Amino acid sequence: MDTPSNVKLFGQPFDPWNEIQDFQDAQPQLAGKFGATTLFIGTMRDFNDGADVQGMVLEHYPAMTRRHLQSIADEARQRWDILDTLIVHRYGEIQPSDPIVLLAVWSAHRSAAFEACRYLIEELKSRAPFWKQEQTEQGRRWVAHNTPD
């Protein structure tokens with residue numbers, strides 16, 4: 001059986017819970033080996049920087065984005081005693097309440113899973129090459145920075 005990719009980029013909505021289940025089902029060698037699975041699911045807010053946001057577009061260069069996300073996942077596996085990671089990220093047209101990002105970390109113990117998951121989201125927010133354009137009542141605007149938390 002092929003090992004599933006640890007990085008997925010989708011141009012359409014995805015169900016985070018199905019992605020987790022599909023990933024685990026595709027890796028029966030993980031069964032019984034992990035005692036912790038940490039998840040982070042980021043969803044689109046309908047507000048940002050003092051404005052109501054009706055939608056947004058995330059642009060990216062697929063090969064460059066995939067390479068950066070894979071690098072971040074590889075770094076997490078080197079820094080913590082974890083069994084595996086999964087990064088799923090949206091691009092394209094996104095609506096409020098849509099999941100944008102899913103991060104999952106499997107490890108034998110919770111401490112490594114929590115720390116690695118936090119590392120993944122912080123590094124993704126600061127290093128992943130995505131360009132965000134929001135639609136507000138005043139028109140479209142490019143987002144110059146991510147929120148710090």
Side-chain angles (χ1 to χ4, degrees), residues 1-51 53 55-134 142-149:
M1 175 181 293
D2 291 336
T3 301
S5 174
N6 296 69
V7 175
K8 296 181 176 183
L9 298 167
F10 289 134
Q12 64 281 332
F14 67 94
D15 181 332
W17 309 111
N18 284 341
E19 292 300 320
I20 294 295
Q21 191 63 57
D22 290 349
F23 190 83
Q24 287 187 178
D25 290 348
Q27 299 199 78
Q29 73 277 10
L30 287 179
K33 305 293 185 221
F34 59 92
T37 305
T38 57
L39 305 175
F40 175 87
I41 300 171
T43 55
M44 186 189 157
R45 295 183 309 264
D46 65 358
F47 64 94
N48 192 33
D49 287 338
V53 179
M56 73 174 178
V57 176
L58 277 180
E59 295 186 1
H60 75 303
Y61 293 108
M64 181 171 67
T65 302
R66 182 176 299 282
R67 187 174 55 251
H68 274 79
L69 296 178
Q70 188 62 57
S71 175
I72 292 167
D74 292 344
E75 290 167 14
R77 282 196 293 275
Q78 291 170 0
R79 293 178 69 155
W80 288 278
D81 187 16
I82 58 177
L83 297 167
D84 219 331
T85 62
L86 174 63
I87 299 175
V88 179
H89 208 291
R90 280 283 308 277
Y91 63 89
E93 298 273 342
I94 301 173
Q95 300 300 309
S97 300
D98 282 353
I100 299 173
V101 63
L102 161 67
L103 304 171
V105 177
W106 290 267
S107 69
H109 303 286
R110 65 185 178 277
S111 179
F114 277 125
E115 291 172 20
C117 194
R118 183 174 189 87
Y119 176 82
L120 288 175
I121 189 59
E122 297 300 333
E123 293 300 307
L124 186 150
K125 294 293 277 184
S126 64
R127 294 171 41 197
F130 287 101
W131 293 269
K132 184 188 306 182
Q133 187 180 53
E134 295 176 332
W142 288 101
V143 178
H145 58 86
N146 285 312
T147 52
D149 58 358

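Just so it is clear, the model here is predicted, and its values are computed rather than measured.
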Is there a donor-acceptor contact under 3.5 Å linking the side chains of [X] and [Y]?
X: Glu122; Y: Ser126; value: no
X: Gln70; Y: Asp74; value: yes
X: Trp106; Y: Gln27; value: no

(request) Please find out if less than 6.0 Å separates the ring center of Trp80 from that of Phe114. (result) no
What's the separation between atom [atom1] in [X] and atom [atom2] in [Y], rounded to the nearest 0.5 Å?
X: Glu134; Y: Leu58; atom1: CD; atom2: CG; answer: 9.5 Å
X: Ile87; Y: Ile72; atom1: CD1; atom2: CD1; answer: 6.0 Å
X: Ile82; Y: Thr37; atom1: CD1; atom2: OG1; answer: 11.5 Å
X: Asp84; Y: Lys33; atom1: CG; atom2: NZ; answer: 14.0 Å
X: Leu83; Y: Gln29; atom1: CG; atom2: CD; answer: 9.5 Å
X: Gln12; Y: Asp98; atom1: CD; atom2: CG; answer: 11.0 Å

(message) With a 6.0 Å cut-off (strictly less than), is the heavy-atom count around CH2 of Trp131, excluding the residue itself, greater than 12?
(response) yes
(message) Is it true that, when you exclude Arg118 itself, more than 12 heavy atoms of the residues, nucleotides or ligands shown sit nearer than 6.0 Å to its CZ?
(response)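 Counting other residues, nucleotides and ligands, CZ of Arg118 stays at 12 neighbours or fewer.
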Is there side-chain contact between [X] and [Y], with heavy atoms separated by less than 4.5 Å?
X: Leu102; Y: Phe14; value: yes
X: Phe130; Y: His89; value: yes
X: His60; Y: Leu69; value: no
X: Pro96; Y: Met56; value: no
X: Thr43; Y: Ser97; value: no
X: Glu75; Y: Arg127; value: yes
X: Phe23; Y: Val88; value: no

Taking all non-hydrogen atoms of both residues, which atom of [X] and which atom of [Y] are closest, and how far apart?
X: Met64; Y: Pro129; value: CE-CB, 3.7 Å
X: Ile41; Y: Pro99; value: CG2-CB, 4.4 Å
X: Thr38; Y: Ala113; value: OG1-O, 2.9 Å
X: Leu30; Y: Phe34; value: O-CD2, 3.2 Å
X: Ile94; Y: Met44; value: O-SD, 3.6 Å
X: Trp142; Y: Lys132; value: CE3-O, 3.4 Å

(message) Check whether Thr85 reaches the backbone of Val105 with its side chain - one donor and one acceptor, N or O, closer than 3.5 Å.
(response)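 Not at all, since once roles are kept as given, no pair shorter than 3.5 Å links the two residues.
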(message) So does Val7 get a backbone contact from the side chain of Arg66, meaning a donor-acceptor N/O pair under 3.5 Å?
(response)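 It does hold such a pair.
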